[in-house]
Participant: 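My questions all concern the structure below.
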Amino acid sequence: MKLYETPSTPNCLRVSLFLAEKGLDIPRELIDVRAGDNLKEDFNNKSVNGLVPTLELDNGEYLCESIAICRYFEEIHPHPALFGTSHLERARVEMWQRIIELQGIMLIGQAIRNLTQIYKDRENCIEDWGHEALLRFRKLLPTLEAQLKAHPYLAGDNFSVADISAFIMLKMATKLDIEIDQRWPSIHQWQKNIQQRPAFAGLG
Ligand SMILES: N[C@@H](CCC(=O)N[C@@H](CS)C(=O)NCC(=O)O)C(=O)O
């Protein structure tokens, strides 16, 4: 088994945090996406979406999409459970995971890519879409604040993969100077609590 990754990127960090929470360590191979390693034919023969992270399995199969990779590790190493335990908790984790993915990570990702033009070597950057995506992303913050005011973690009482996703999403937002400060007291406190977890040590 081998994980192809660019460690500094958000979706690779998401898988690394998930593995650290599970207490797992697996071999890794560096793919430098900024240098365009993921655009090469060799990598595209392995990865369906041509992106990192991509996991190579021992049977020669490859999995991409960070949440699919996390799901795979959840299935083969169920403890500690990070996708929920009861029926209802699993559904809640899925709900928050999708909200964070679709209303958060997608939008802040588009805002970063279109405003900073980091990948202008491989895509058309549209500044207006960057501004609009950022505006839409900001609308998620009151929803997060309300949820984390009422519950210690996004899906309720237990830490889950949805918290990991929200953490990397807010880390992405700092690239566009969106800092979670006292204007968002519950998100701020949740972030501080999460950073105390051993898996998150050293991540500001
Ligand atoms: N939905 C995918 C997104 C993967 C993704 O966007 N990966 C970025 C790094 S965080 C990448 O490979 N970027 C290189 C590129 O866009 O060419 C996932 O969750 O794995």
Side-chain angles (χ1 to χ4, degrees), residues 1-22 24 26-57 61-76 82-84 93-127 129-130 133-134 136-137 140 154-155 160-176 178 199-200 203-204:
M1 193 184 286
K2 192 193 325 180
L3 187 65
Y4 294 87
E5 62 163 8
T6 311
S8 57
T9 60
N11 287 296
C12 293
L13 177 60
R14 171 152 58 169
V15 170
S16 286
L17 289 169
F18 190 90
L19 289 172
E21 286 284 342
K22 290 269 183 200
L24 299 172
I26 63 163
R28 293 158 194 249
E29 184 172 320
L30 180 69
I31 293 287
D32 185 348
V33 288
R34 294 300 284 278
D37 288 354
N38 65 310
L39 307 178
K40 294 180 182 154
E41 194 182 345
D42 179 50
F43 184 73
N44 280 275
N45 288 338
K46 298 180 172 119
S47 173
V48 175
N49 66 7
L51 300 170
V52 290
T54 291
L55 180 69
E56 181 178 338
L57 301 175
E61 206 175 312
Y62 295 91
L63 280 178
C64 57
E65 286 296 334
S66 52
I67 284 299
I69 294 171
C70 292
R71 164 64 70 187
Y72 177 73
F73 285 113
E74 179 86 353
E75 298 296 328
I76 58 174
L82 294 173
F83 278 80
V93 170
E94 182 75 20
M95 179 182 97
W96 280 102
Q97 180 52 45
R98 287 182 66 78
I99 289 171
I100 297 296
E101 200 75 45
L102 300 173
Q103 296 170 229
I105 291 172
M106 283 292 294
L107 290 170
I108 194 65
Q110 286 297 306
I112 293 169
R113 292 177 81 114
N114 285 281
L115 293 174
T116 69
Q117 306 196 343
I118 41 168
Y119 291 120
K120 69 175 182 205
D121 62 333
R122 62 198 75 170
E123 65 190 11
N124 290 329
C125 297
I126 301 165
E127 201 181 334
W129 169 230
L134 186 57
R136 293 186 196 181
F137 168 74
L140 179 60
L154 270 182
S160 77
V161 67
D163 295 291
I164 298 177
S165 296
F167 182 85
I168 62 116
M169 173 190 79
L170 293 173
K171 196 164 163 53
M172 290 168 85
T174 61
K175 292 208 162 49
L176 294 179
I178 299 180
F200 289 68
L203 292 171

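Atoms within a ligand are numbered from 1 in the order they appear, just like the ligands themselves.
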Participant: Residues in salt bridge (charged side-chain N to carboxylate O under 4.0 Å, His left out) with K2, at least two apart?
Facilitator: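 Here the qualifying residues are E29.
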Participant: Would you please name every residue forming a salt bridge (charged side-chain N to carboxylate O under 4.0 Å, His left out) with D42, sequence neighbours left out?
Facilitator: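 By the salt bridge (charged side-chain N to carboxylate O under 4.0 Å, His left out) rule, D42 matches K46.
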Participant: For a quick check: using heavy atoms under 4.0 Å, what are the residues in contact with ligand 1, sorted by chain and number?
Facilitator: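 If the criterion is a heavy atom under 4.0 Å, then ligand 1 touches T9, P10, N11, R14, V33, N38, L51, V52, P53, E65, S66, R113, Y119, R122.
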Participant: Using only atom types and a distance under 3.5 Å, with no angle test, would you say the side chain of N44 pairs donor to acceptor with the backbone of K40?
Facilitator: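 Answer holds: yes.
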Participant: For the residue pair E101 / S165, report whether a side-chain donor-acceptor contact shorter than 3.5 Å exists.
Facilitator: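 Distance-only check fails for S165 and E101.
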Participant: Identify, with sequence neighbours excluded, every residue that meets salt bridge (charged side-chain N to carboxylate O under 4.0 Å, His left out) alongside R71.
Facilitator: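 If we apply the salt bridge (charged side-chain N to carboxylate O under 4.0 Å, His left out) test to R71, skipping adjacent residues, the hits are E75.
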Participant: Could you tell me if E127 and N114 have a donor-acceptor pair between their side chains, going purely by distance under 3.5 Å?
Facilitator: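 Result is no, nothing qualifies.
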